2 protein chains.
Amino acid sequence: MHHGKALTTLKETGYRLTPQRLMVLETIAGARGHVTAEEIGTQVRRTYPYIDIATIYRTLHLLKRLHLVTEIDPGGSSAQYELAGDGRHHHLICEGCGKTIDLPLAYLDNLHQSLRREFEFEADLDHFALRGRCSQCLAARTGTPRKDRNAWKRL
Amino acid sequence: MHHGKALTTLKETGYRLTPQRLMVLETIAGARGHVTAEEIGTQVRRTYPYIDIATIYRTLHLLKRLHLVTEIDPGGSSAQYELAGDGRHHHLICEGCGKTIDLPLAYLDNLHQSLRREFEFEADLDHFALRGRCSQCLAARTGTPRKDRNAWKRL
DNA sequence: GTCCTTGTTGCGACTCTTTGCAAATCATTC
DNA sequence: GAATGATTTGCAAAGAGTCGCAACAAGGAC
Ligand SMILES: [Mn+2]
Ligand SMILES: [Mn+2]
Ligand SMILES: [Zn+2]
Ligand SMILES: [Zn+2]
């Protein structure tokens, strides 16, 4: 995944391409998969120790607004960021076991288009996390044994 | 909107119906529309000044797990809660003007079912907030005037 | 009632993220 | 290149939400 396009877009939209922004972008592009703001900080501080976490968050917001990176909120831990490129996708997150499943972009196409048609609403469905229960966690809950007094704790 | 069912469900599932939980529930039921945890706190403290915000959050998580209340994350401000009852719905939130549109539950039915069929994943789509741009904010962005040097700020 | 177990609360500390502000940096115009 | 105005940064403080823990309340067994 490369960030050449990101640099161009930044310039073209009139934002400044500062060293900090470049380093954040390079870190995201260099990582495989998702990274947190704190992980970006750790990496950037190797070459520029003064970067502040606020700058990183501000940069991430900017890049997100320009659709150059996508954010995901796993719920219960820090947000994760990813370069918006070819392998776009959504995520299914199981609240039982934490497992995540990649969901092809197309699964939200119908919704996206009916919102556009019927509400003239252009939804931002770049990188979504849907919570729920995976098949295994669902199976584990069927057929509760008769005397399992702790079953309700796992509701 | 009444919370009788909520009380029954709480008892039936084995959780204790403490005064704090009752007060939180009554506050949510008594409000019209969404309430934040802080608003619940302000209301409850009128009769019981010692309630802690952590207790409120814990109660809200519990009620959410039992599908008795729904949560929405407006992004940029505190989460909002609502009694799960008849008028179930989702929300479209415009990032341009802040306007919110109610979206009938049915709009996510197809998605819900294809996830169930094709991934055996039971998604939790009780009360969703979808970000994007409303028709007016989209219209306002077409046909950028030639010399509007501040246009990009509004991206 | 007492004993015992388990669930719940309030408090304080902590994490993650956002915001206000003054100083620094950059682009533009003369 | 100096003056000017706008953007960006680092720092410190605040907001929102979570977690560990000791004290407390409830329920069951006897
Ligand atoms: Mn992803
Ligand atoms: Mn609602
Ligand atoms: Zn699972
Ligand atoms: Zn709008």
Side-chain angles (χ1 to χ4, degrees), chain A residues 10-25 34-42 44-45 47-66 69 71-81 95 129 147-155, chain B residues 10-25 34-42 44-45 47-66 69 71-81 95 129 147-155:
Chain A
L10 258 190
K11 285 269 192 87
E12 278 176 357
T13 42
Y15 291 99
R16 295 186 188 157
L17 185 50
T18 65
Q20 288 91 334
R21 286 175 179 168
L22 184 56
M23 289 185 284
V24 169
L25 212 30
H34 301 165
V35 271
T36 66
E38 204 49 69
E39 286 163 357
I40 295 172
T42 304
V44 170
R45 267 188 286 274
T47 57
Y48 174 63
Y50 306 109
I51 196 164
D52 193 84
I53 191 72
T55 301
I56 295 175
Y57 278 111
R58 281 188 283 233
T59 301
L60 289 170
H61 286 321
L62 172 60
L63 296 175
K64 198 162 58 120
R65 211 153 16 105
L66 297 173
V69 312
E71 178 190 17
I72 221 166
D73 173 21
S77 53
S78 351
Q80 304 190 313
Y81 300 86
E95 303 206 309
K147 296 286 270 268
D148 182 356
R149 300 203 28 206
N150 288 321
W152 61 273
K153 288 188 195 170
R154 295 188 298 270
L155 228 183
Chain B
L10 258 191
K11 286 269 192 88
E12 279 176 357
T13 42
Y15 291 99
R16 294 187 190 155
L17 185 49
T18 66
Q20 289 91 335
R21 286 177 179 167
L22 185 56
M23 289 186 283
V24 168
L25 213 30
H34 302 163
V35 271
T36 66
E38 205 47 69
E39 286 164 357
I40 295 172
T42 305
V44 171
R45 267 188 287 274
T47 57
Y48 174 63
Y50 306 109
I51 196 162
D52 193 84
I53 192 70
T55 301
I56 295 175
Y57 278 112
R58 282 188 283 234
T59 302
L60 290 170
H61 287 324
L62 172 60
L63 297 175
K64 196 161 60 118
R65 213 151 17 105
L66 297 173
V69 310
E71 178 190 17
I72 221 166
D73 173 20
S77 53
S78 352
Q80 304 190 314
Y81 301 86
E95 303 206 309
K147 297 285 270 266
D148 183 357
R149 301 201 29 202
N150 286 322
W152 61 274
K153 288 187 195 168
R154 297 188 296 271
L155 229 180

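This structure is a prediction, so every number in the text was calculated from the model and none was measured. The sequence lines fix the lettering, A, B, ..., with proteins before strands; numbering per chain opens at 1. Every heavy atom of this structure was used, including side-chain atoms; hydrogens, water molecules and symmetry mates were not.
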Practice task
For A:Ile51 and D:dT9, give me the distance from atom CD1 to atom P, rounded to whole Å.
Solution key: 8 Å
Problem - Heavy atoms from other residues, nucleotides or ligands near OH of B:Tyr50 exceed 12 (cutoff 6.0 Å) - result: no
Problem - Separation of C:dT19 C1' from A:Ile56 CD1 (nearest whole Å) - result: 17 Å
Practice task
Show your reasoning for whether side chain to side chain contact (heavy atoms under 4.5 Å, CB included) applies to A:Leu62 and A:Leu10.
Solution key: CA-CA 9 Å; A:Leu62 172 60; A:Leu10 258 190; 4.1 Å; yes
Problem - Side-chain touch A:Gln80/A:Glu39, heavy atoms, less than 4.5 angstrom - result: no
Handout entry: d(OH, B:Tyr57; C1', C:dG10) in whole Å
Key = 16 Å
Problem - Rounded distance (Å) that lies between atom P of D:dG10 and atom CZ of A:Arg21 - result: 11 Å
Exercise for the section: Considering just the side-chain nitrogens and oxygens of B:Thr55, establish if one lies under 4.0 Å of OP1 or OP2 belonging to C:dG10. Expected result: yes
Exercise for the section: With the side chain counted from C-beta on, respond yes when B:Thr59 and B:Gln20 share a heavy-atom pair under 4.5 Å apart, and no when they do not. Expected result: no
Problem - A:Ile40 and A:Leu60, any side-chain heavy atoms less than 4.5 Å apart - result: yes
Completion exercise
dist B:Arg21:CZ -> B:Ile51:CD1 (nearest 0.5 Å) comes out at 11.0 Å
Problem - Phosphate OP1/OP2 of D:dA16: any B:Ser77 side-chain N/O under 4.0 Å - result: no
Problem - For atom CG of A:Asp52 and atom P of D:dA14, their distance in whole Å - result: 16 Å
Practice task
Among C:dT18, D:dT9, D:dG5, find the nucleotide with the atom closest to the side chain of A:Arg16.
Solution key: D:dG5
Exercise for the section: Indicate, yes or no, whether a donor-acceptor pair under 3.5 Å links the base of C:dG7 to the side chain of B:Arg58. Expected result: no
Exercise for the section: Give me the residues of residues 34-42 of chain B where at least one heavy atom lies under 4.0 Å from an atom of DNA chain D, by number, or none. Expected result: none
Completion exercise
Between CD1 of B:Ile72 and P of D:dG17 the distance, given in whole Å, is 14 Å
Handout entry: Residue-phosphate contact under 4.0 Å: B:Gln20 side-chain N/O, D:dA25 OP1/OP2
Key = no
Exercise for the section: Return no unless some side-chain N or O of B:Ser78 is found under 4.0 Å from OP1 or OP2 of D:dA16. Expected result: yes
Exercise for the section: Report the distance from atom CG of B:Leu60 to atom C1' of D:dT18, rounded to the nearest whole Å. Expected result: 13 Å
Practice task
Measure from the side chain of B:Ala54, starting at C-beta and using heavy atoms only, and say which of D:dT9, C:dC11, D:dA16 lies closest.
Solution key: C:dC11
Problem - Validation row: B:Leu63, B:Tyr81 side chains within 4.5 angstrom (heavy atoms) - result: no
Practice task
Examine D:dG10: is either OP1 or OP2 under 4.0 Å from a nitrogen or oxygen in the side chain of A:Tyr48? Give yes or no.
Solution key: yes
Handout entry: B:His61 side chain near D:dG17 phosphate (N/O to OP1/OP2, under 4.0 Å)
Key = no
Completion exercise
Atom CD1 of A:Ile53 and atom P of C:dC16 are separated, to the nearest Å, by 9 Å
